[in-house]
Amino acid sequence: VQLQASGGGLVQPGGSLRLSCAASGPSVRPFSRYSVGWFRQAPGEQREFVSAIKGNGGGTFYRDSVKGRFTISRDSAKNTVYLQMNSLKPEDTAVYYCSAGARLINSAIRTPDAYDYWGQGTQVTVSS
């Protein structure tokens, strides 16, 4: 499975961006079976969990600091997961990575090592 993250950019505080994670490859279907996570990494910091959507309708997960501002969703027909980010703050600035895994359990959904596939990252900069 290959993942392509896109949609990053420069936005002012309070603004919005929508990130996309498009999956491709011979084993991608059915895409709905994959759990997809978004992680971010700021300079000098460790990669941290942002949000995830469980495969087969298993629900969504968010880190506390983005709850109410970010929304993750899936379009299985397009093999794409989206991260709608509203009310962006300077502390949201980071490279955002999407990841996918076929057999994640809920307790591992926030753990980078639990995912099998990773995209290349897209830069999000929140600054005035």
Side-chain angles (χ1 to χ4, degrees):
V1 175
Q2 290 80 49
L3 301 176
Q4 179 74 38
S6 62
L10 172 64
V11 64
Q12 292 186 340
S16 298
L17 285 172
R18 188 178 78 159
L19 305 184
S20 298
C21 177
S24 61
S27 59
V28 72
R29 294 185 183 276
F31 183 59
S32 59
R33 70 187 176 102
Y34 287 94
S35 297
V36 176
W38 284 97
F39 292 79
R40 66 188 181 189
Q41 188 167 18
E45 302 291 333
Q46 289 190 336
R47 191 168 297 190
E48 64 180 20
F49 171 79
V50 178
S51 180
I53 186 164
K54 198 81 184 292
N56 297 320
T60 58
F61 304 78
Y62 299 92
R63 70 179 296 109
D64 287 346
S65 63
V66 308
K67 284 180 181 177
R69 300 189 297 123
F70 291 11
T71 303
I72 192 169
S73 62
R74 178 198 299 266
D75 186 337
S76 292
K78 296 182 178 180
N79 296 338
T80 301
V81 167
Y82 303 99
L83 185 68
Q84 177 67 43
M85 305 188 297
N86 299 328
S87 303
L88 282 161
K89 304 176 180 181
E91 51 263 42
D92 295 318
T93 296
V95 177
Y96 283 68
Y97 298 89
C98 65
S99 56
R103 290 173 294 276
L104 270 72
I105 58 176
N106 286 4
S107 61
I109 205 77
R110 292 174 172 82
T111 304
D113 289 347
Y115 292 80
D116 302 312
Y117 309 102
W118 287 85
Q120 84 290 0
T122 184
Q123 176 71 47
V124 172
T125 303
V126 185
S127 175
S128 55

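Here the structure is a predicted model, which is why all the values come from computation and not from measurement. Position 1 is the first residue of the sequence; numbering continues from there. Hydrogens, waters and symmetry mates are skipped; everything else that's a heavy atom, side chains included, is used.
Side-chain atoms of Thr60 do not come within 3.5 Å of backbone N or O of Ile53 as any donor-acceptor pair.
Applying the side chain to side chain donor-acceptor pair (under 3.5 Å) test to Lys89 and every residue at least two apart in sequence or in another chain returns nothing. Qualifying ring pair (Phe, Tyr, Trp, His ring centres under 6.0 Å) partners for Tyr115, counting only residues two or more places apart in sequence or in other chains: Phe39. Annotation: side chain to side chain donor-acceptor pair (under 3.5 Å) contacts of Arg69 (sequence neighbours excluded): Asp92. Ser107 is linked by a side-chain contact (heavy atoms from CB on, under 4.5 Å) to Ile105, counting only residues two or more places apart in sequence or in another chain. The side chain to side chain donor-acceptor pair (under 3.5 Å) test applied to Tyr97 returns no partner, not counting sequence neighbours. Applying the side-chain contact (heavy atoms from CB on, under 4.5 Å) rule to Pro26 yields no partners; only residues at least two apart in sequence or on another chain are considered. Annotation: side chain to side chain donor-acceptor pair (under 3.5 Å) contacts of Asp113 (sequence neighbours excluded): none.
Here the straight-line distance linking atom CE of Met85 with atom OG of Ser51 works out to 11.0 Å at 0.5 Å rounding. From Asp75, atom CG reaches atom OG of Ser32 across 11.5 Å, with rounding to the nearest 0.5 Å. Interatomic distance, OH of Tyr34 versus OG of Ser76, reported as 12.5 Å (0.5 Å rounding). Atom OG1 of Thr122 is separated from atom CH2 of Trp38 by 7.5 Å, given to the nearest 0.5 angstrom.
Judged as a disulfide (SG to SG under 2.5 Å), not a single pair has a partner in residues 27-92 (not counting sequence neighbours). Screening residues 57-83 for ring-ring contact (aromatic ring centres under 6.0 Å, His included), with sequence neighbours left out, gives no hits. Within the structure, every pair that satisfies the disulfide (SG to SG under 2.5 Å) test and touches residues 69-128, not counting sequence neighbours, is listed here: Cys21-Cys98. Screening residues 45-54 for salt bridge (charged side-chain N to carboxylate O under 4.0 Å, His left out) gives Arg40-Glu48, Glu48-Arg63 as the qualifying pairs, with residues at least two apart or on separate chains.
Across all non-hydrogen atoms, the minimal contact from Ser20 to Thr80 is CB-CG2, 4.2 Å.
For the pair Val1/Phe31, no side-chain contact is recorded, criterion being any heavy-atom separation below 4.5 Å from C-beta on. Counting heavy atoms from C-beta on, the side chains of Ile109 and Ser35 come closer than 4.5 Å.
Both Trp118 and Val95 belong to a single network of hydrophobic side chains, linked directly or stepwise wherever heavy atoms of I, L, V, M, F, W or Y lie under 4.5 Å apart. Transitive grouping of hydrophobic side chains (ILVMFWY, heavy atoms separated by less than 4.5 Å) brings Leu83 and Tyr117 into a common cluster.
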Pairs under 3.5 angstrom only: tabulate donor-acceptor contacts from the side chains of residues 2-19 to other protein residues two or more places apart or in another chain.
unit_1 : atom_1 : unit_2 : atom_2 : d
Ser16  : OG     : Asn86  : OD1    : 2.9

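Residue Arg29 qualifies as open at atom CZ: its count of foreign heavy atoms under 6.0 Å is 12 or below. Counting heavy atoms of neighbouring residues, nucleotides and ligands inside a 6.0 Å radius, atom CD of Gln46 does not exceed 12 of them.
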